[in-house]
Amino acid sequence: MMNIKRNVLLNPGPSTTTDTVKMAQVVPDICPREQEFAGMMKGLREDLLKVVHASPEKYTSVLFCGSGTINIDICLNSLLPEGKKVLIVNNGAYSARAVEICRYYGLPHIDLAFPVDELPDLALVEKTLKENPDIALVHTTHNETGTGILNPIREIGALAHKYGAVFTVDTTSTLAMRPINIEDDNIDFCMASAQKGLMAMTGLSFIIGNRTVIEASKEYPKRSYYCNLYLQYEFFEKTGEMHFTPPVQTIYAAMQALKEYFAEGEEEKWARHTRVFEAIHAGLDELGFKDVIKREWQSGLVVSVIYPDDKNWSFEKIHDYCYERGFTIYPGKISTSDTFRLCALGAIDEKDIKDFFIVLKEALKANNVQIPVQYKEA
Ligand SMILES: *Cc1c(COP(=O)(O)O)cnc(C)c1O
């Protein structure tokens with residue numbers, strides 16, 4: 001085992017990984033077209049189903065080489081029948097990205113936009129579905145990673161199904177962290193990439209979804225060659241392989257990460273993320289920081305913190321001070337207010353957060369930012 005410096009990443013992914021996951025990538029060279037490699041991917045795909053309690057009869061998982069955004073792109077461009085519309089329930093940056101994808105492909109869509117610090121209005125979602133019987137696909141984001149707001153996917157999914165639409169959910173920043181049950185949560189398709197909840201490496205993304213719907217999509221317009229869900233699914237079914245070159249070493253890391261996921265256990269892991277999240281809040285409260293989203297609406301994974309009103313506050317300087325000491329903090333993703341984010345994903349625990357707040361406090365002092373931090377009257 002090599003001695004690798006441990007950094008605590010509080011950005012919203014990639015996350016801090018274990019040394020065993022890092023080292024799992026160091027393997028003898030292998031051609032991914034070998035039977036041995038296809039066999040590994042089969043196991044990996046089955047394990048991914050288990051993470052969201054998906055039965056292998058009804059659901060399947062399809063792997064892609066790319067970052068998480070590739071999943072959103074693939075679901076939207078592949079699962080819309082001719083002449084139908086997408087409804088995006090949009091209250092944040094990642095659903096806004098889905099809207100942008102619809103625009104790029106020229107997909108007919110409704111951008112049902114809500115404020116980024118509010119939950120979507122379900123009555124309005126239902127009204128939209130009722131008035132637009134040509135909506136065939138409803139898409140939203142589970143945990144809007146830009147703010148940390150948790151969307152009511154089970155309720156949105158129920159509405160989608162009531163009006164005969166397929167429900168795709170961007171679960172990139174919850175899957176393998178917050179427990180998900182694909183069937184109970186009314187999800188037809190969910191997705192993530194290996195470097196977030198699974199605590200593995202970047203470059204591998206996956207979609208878990210309803211087999212019958214994928215098979216029906218064979219007849220839908222083909223809007224992309226590289227990013228088509230049916231094509232990749234069919235290739236996996238026929239050969240057990242990815243259509244094109246897979247991210248070989250990343251797949252080894254993901255397999256090790258899944259082993260560690262099941263060893264830790266769904267509930268235990270969620271309890272650990274919750275401990276980390278609460279430690280983040282405790283540390284922020286002590287320094288007087290305010291966050292954007294109502295506490296009861298937060299996903300338990302991302303805290304979006306408002307910049308204090310202090311002439312000495314500089315996110316860059318605070319970031320650099322922490323970064324040099326092994327802690328990475330991340331800018332916000334809200335266009336209307338200045339925020340930064342602290343996230344609870346990765347192979348970290350409460351103690352890391354306590355250590356981080358010692359460093360953050362030093363950083364504030366070193367920059368002459370007043371403690372507790374100050375805000376103008378809100
Ligand atoms: C991280 C993330 C993505 C994917 O982002 P990439 O930069 O493509 O990895 C998509 N959706 C959500 C909600 C995310 O948190």
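In listed order, ligands and their atoms are each counted from 1. Bear in mind the structure is a predicted one, so any value in this text is a computation, not a measurement.
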Could you tell me whether the side chains of E260 and T18 share a donor-acceptor contact shorter than 3.5 Å?
yes

Whether E46 and K42 form a salt bridge (side-chain N of Lys/Arg under 4.0 Å from carboxylate O of Asp/Glu) is what I want to check.
yes

Enumerated ligand 1 atoms positioned under 4.0 Å from heavy atoms of Q195:
9 (O)

Which of these, S67, G92, G66, S299, has its nearest heavy atom closest to atom 6 (P) of ligand 1?
S67

Flag S193 as yes when one of its N or O atoms lies below 3.5 Å from any N or O atom of ligand 1, and as no otherwise.
no

Any N/O of K196 closer than 3.5 Å to an N/O of ligand 1?
yes

For W313 and F289, take the angle between the two ring planes, folded into 0 to 90°, and tell me which bin it lands in: parallel under 30, tilted 30 to 60, perpendicular over 60.
perpendicular

Would Y94 count as being in polar contact with ligand 1, using the rule that some N or O on each side must be under 3.5 angstrom apart?
no

Considering only heavy atoms of T145, which atoms of ligand 1 have at least one such atom less than 4.0 Å away?
12 (C), 13 (C), 14 (C), 15 (O)

E234 and H243: side-chain donor and acceptor closer than 3.5 Å?
no

Between Y323 and N7, is the side-chain hydrogen bond (donor to acceptor under 3.5 Å, both in side chains) condition met? List the steps.
CA-CA 9 Å; Y323 182 76; N7 287 326; 5.9 Å; no

Quick note on ligand 1: atoms under 4.0 Å from a heavy atom of T141 include exactly 13 (C)

Below the 3.5 angstrom mark, is there an N/O of G68, backbone or side chain, next to an N/O of ligand 1?
yes

Salt bridge E268-R272, side-chain N to carboxylate O under 4.0 Å:
no

Quick one: which ligand 1 atoms are inside 4.0 Å of a heavy atom on R97?
5 (O)

Between F206 and R45, is there a cation-pi geometry (under 6.0 Å to ring centre, at most 45° from the normal)?
no

Within-shell test, M191 vs ligand 1, heavy atom, strictly < 4.0 Å:
no

Please confirm whether F244 and Y226 have ring centers closer than 6.0 angstrom.
yes

Under 4.0 Å between a Lys/Arg side-chain N and an Asp/Glu carboxylate O for K22 and D19?
yes

Proximal atoms of ligand 1 relative to S173 (non-hydrogen, under 4.0 Å)
13 (C), 15 (O)

Starting from atom 11 (N) of ligand 1, find the nearest protein heavy-atom neighbour and note its residue, name and distance.
D170 OD2, 2.6 Å

Could you tell me whether ligand 1 has any atom less than 4.0 Å away from a heavy atom of E144?
no

Taking distance alone, with no angle check, do T69 and ligand 1 share an N/O pair under 3.5 Å?
yes

